[in-house]
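Here the structure comes first, spelled out in structure tokens, and everything after it is commentary.
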Amino acid sequence: MIDRPSDELTLTLPDGSTRTVPYGTLPRDVVASIGAGLLRAAVAIELNGAVQDLVTPLRDSGAFRVLTEKDERSLDVLRHSAAHLLATAVRRLHPKAAIGFGPSIEDGFYYDFEVTEPFTPEDLAKIEEEMRRAANEKFPFVRDEVNRATAQQRFIDDPLKLERLSELREDEVISTYTDGPFIDLCRGPHLPDTSRIKHFKLLHTAGAYWRGDEHRQMLQRIYGTAWWNKEDLAAYLHRIEEAKRRDHRTLGKELDLFSTDQRVGAGLILWHPRGGVIRREIEDYERELIMRHGYDIVYTPHIVNEKLFEISGHLQTFKENMFGPIDVEGQFFRPKPMNCPGHIVIYQSRQRSYRDLPIRYAEFGTVYRYERSGVLHGMLRVRGFTQDDAHVFCTPEQVTVEIERLLDLVHEMLGVFGYPYTIELATRPENALGEPAVWDRAVRTLADVLKARGQAFTYDEGGGAFYGPKLDFKLIDAIGRKWQGPTVQLDFNLPERFALEYIGADNAPHRPVMLHRVLVGSMERFVGGLIEHYAGAFPLWLAPEQISIIPITPDVAPAAAALAERLAEAGLRVGYDAENREDYRERIKTASRMKVPYMAIIGKREAESGTVALRFRGSEKKQETIAVDALVERLRAERDTRALAPSDALQPAANGL
RNA sequence: GCCAGCUUAGCUCAGCGGUAGAGCACUCGAUUCGUAAUCGAGCGGUCCCGAGUUCGAUCCUCGGAGCUGGCUCCA
């Protein structure tokens, strides 16, 4: 295998020193020559930025660095090895299981198996136990570089591996890795031995198509996670728990925000009054925002003659995601899967002059898309949802300014919700419409605007829509997860298909440019995301109930009722049970459970002095006595500024909710 | 759509081939009570739907719906 044995390699260590070793030297030997302690700590090495293990022959000169458990990248090696350990255990328990792929993934690993009987949760526990046993047996990961014929022989009973093998090019090194009884066709890198895999857990099983192709057989995938130490594993499991605690489906039920019902149908959201408050506040805010930014609000029908979607091309391209036609006196109508055609028709309702542009139409447009049953998920993936959709029709010269305005709009809005964000510029996909030159110019325009504003972004190569490039904003939520945020798309397609025109200063017709944009995207998805972002503890302006009034004894009911009225007059959403049915302790419990931002507790002392004892959600027993007038002002200010948190000492502890 | 699992009271969940349970919630009554569960009583079920097997099905089988975790998909 070693084709240039006479060559020497020069390795540059991080301290700048160099070593000269023969071609094909094992990194293990280089590391050992640096120090025995380092060899013990070594997980893998990095050569010119690429991770390889200690038993893969060196084939290039360059920057050489030893990776230990402290290096982030060493986790991938651990997890990939854990995947092999998993396969080792599965093969011991289920000798007939055929093996697919077993890579490391973010936070863990998986391995795919082809078995006659799918794994059960009980199997998982047994497999995990077997993995621990195999780890303790301290099997070294042995790399072997072989020729094709030998490899074919080794995997004679593993058709999936043979398929993979047949795809390897002639000039590629074919390697196998063995740990104890298990052998895999694998490029590596791997740990020195299985005993380094100590802190892991199998999480769940799932079906997965072989090669990710839904036309091929389904394999059984086992997911797991692995870490270098107990603390990291515990922290990860805690993170999963935290995500579960924030799950919008659970909180949506607990806080009475929304539901679904099988009589209504899967993927269709019913907004309850409390969820309705949140949505209405967002809509009111956004309406105010976009009016300020020069939009006009329009309304278009929910069902549309399907011929319109033939013109737009959606019926040809996206028929599978559209609900079927409704026969109305021989004409076929369909629920709209997007709002653009309607806005275009409004644009075309009269002749447009360059003096009219830009035209910005906005609509909270409810659209319906047929999503396959398996993909539905709470409010995040649904079949009917309301987009805060807008379309900007402008001259080519106006595009830059319009993009800038959109960036301002997005920045302002995301700030209000407390989302940091990143920007991706998605470029021309494979089967794109339009001239590559036009695409290049459009992508450059977008990039130039971002650069001119000093706004960081990354490219998502080939990630654009078929009709134009786009800017994708990714929101980062309170626990660091990324969410699909606003998108801005340039469209080269629809203006052509609909033959959009405006009359220019030269008195000749011209084709306008069309921008699609959403800010929240889908009300459903956005609110679902917000529930998780805030863990159900909404800032005052969004909270369905903003303050709960809690009299300690029936004596003070008149003062409590008067306070409720004062606050309601100020437009605040007040929770107060005039019937006085509940014990004050019950009310505190309920207000806490419902994550009401403020509790105004009134006893004899407060009633006599015209004050309340004010408590903020999560601040436990920290509270302050505040005059009623001051309270009203304070809440009004906090609400009107759409503050994310109270401005002062009542702020909760960092972990408080 | 595919693989697996799940569906029992409003919620969270036990349970069993022989007519169904707990806690919380809810309803009623009592309680003059200073910061997250006062006491007592009561109400509450098409055991997801349909068909089959069985003397008998919430439980077993088949079909369907919905949900969960993934896969595929996401204009």
Check each of A:Asn339, A:Asp491, A:Asp389 against A:His516 using the side-chain hydrogen bond (donor to acceptor under 3.5 Å, both in side chains) test, and report the only one that passes. A:Asp491

With [atom1] as the reference atom in both, quote the distance from [N] to [M] in angstrom, rounded to an integer.
N     : M     : atom1 : answer
B:C47 : B:C59 : C1'   : 9 Å
B:G1  : B:G17 : C1'   : 36 Å
B:A22 : B:C74 : C1'   : 43 Å
B:U19 : B:G45 : C1'   : 12 Å
B:A37 : B:G50 : P     : 44 Å
B:U8  : B:U58 : P     : 15 Å
B:C39 : B:C55 : C1'   : 49 Å
B:U72 : B:C43 : C1'   : 48 Å

Looking at every strand, decide which applies to [X] at a 4.0 Å heavy-atom threshold: base, sugar-phosphate, or nothing.
X        : value
A:Gly212 : sugar-phosphate
A:Phe466 : nothing
A:Ala591 : nothing
A:Glu254 : nothing

[X] has a side chain; which of [options] sits nearest to it?
X        : options             : answer
A:Tyr584 : B:C71, B:A4, B:G34  : B:G34
A:Ile552 : B:A75, B:U38, B:G34 : B:G34
A:Glu606 : B:G34, B:U72, B:A36 : B:G34
A:Lys604 : B:G70, B:A36, B:G34 : B:G34
A:Glu586 : B:U35, B:U32, B:A37 : B:A37
A:His204 : B:G69, B:G34, B:A75 : B:G69
A:Arg381 : B:C73, B:A75, B:C71 : B:C73
A:Tyr370 : B:U35, B:A36, B:G1  : B:G1
A:Pro554 : B:C71, B:C33, B:A75 : B:C33

Between [X] and [Y], is any side-chain donor less than 3.5 angstrom from a side-chain acceptor?
X        : Y        : answer
A:Ser522 : A:Gln387 : no
A:Thr611 : A:Thr625 : no
A:Arg221 : A:Tyr223 : yes
A:Asp112 : A:Trp210 : no
A:Thr300 : A:Lys336 : yes

Who pairs with [X] by salt bridge (charged side-chain N to carboxylate O under 4.0 Å, His left out), at least two apart in sequence or on another chain?
X        : value
A:Glu310 : none
A:Glu114 : none
A:Glu254 : none

Who are the ring pair (Phe, Tyr, Trp, His ring centres under 6.0 Å) partners of A:Phe113, not counting sequence neighbours?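 Ring pair (Phe, Tyr, Trp, His ring centres under 6.0 Å) check on A:Phe113 returns A:Tyr111, A:Phe119.
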
For B:U35, does OP1 or OP2 lie under 4.0 Å from any side-chain N or O of A:Lys589? no

Does A:Tyr223 place a side-chain N or O at less than 4.0 Å from the phosphate oxygens OP1/OP2 of B:C71?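 Looking at the OP1 and OP2 atoms of B:C71, one of them is under 4.0 Å from a side-chain N or O of A:Tyr223.
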
Once hydrogens and angles are ignored, does a donor-acceptor distance under 3.5 Å link the base of [N] to the side chain of [X]?
X        : N     : result
A:Tyr209 : B:G70 : no
A:Asp555 : B:U32 : yes
A:Arg585 : B:U38 : no

Distance in angstrom units between [X] [atom1] and [N] [atom2], rounded:
X        : N     : atom1 : atom2 : value
A:Leu219 : B:G69 : CG    : P     : 21 Å
A:Glu214 : B:G70 : CD    : P     : 18 Å
A:Arg497 : B:A75 : CZ    : P     : 17 Å
A:Leu202 : B:G69 : CG    : P     : 19 Å
A:Met218 : B:C71 : CE    : C1'   : 5 Å

How long is the gap from CG on A:Leu268 to CD on A:Gln262, to the nearest 0.5 Å?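 With rounding to 0.5 Å, CG (A:Leu268) is 12.5 Å from CD (A:Gln262).
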
Between A:Pro337 and A:Arg221, just flag the one whose closest nucleotide in RNA chain B comes earlier from the 5' side.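 Upstream on the strand: A:Arg221.
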
Stems involving RNA chain B: give each as a range paired with a range, ordered by first number, where a stem means at least three consecutive Watson-Crick or G-U wobble pairs under 3.5 Å.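 Stems (3+ consecutive pairs) listed as B:1-7 with B:65-71, B:10-13 with B:21-24, B:26-30 with B:38-42, B:48-52 with B:60-64.
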
A correct 5'-to-3' footprint of nucleotides 60-68 of chain B, with B, S and - meaning base, sugar-phosphate only and no protein heavy atom under 4.0 Å, is -----SSSS

A:Glu167, CD: over 12 other non-hydrogen atoms inside 6.0 angstrom: yes

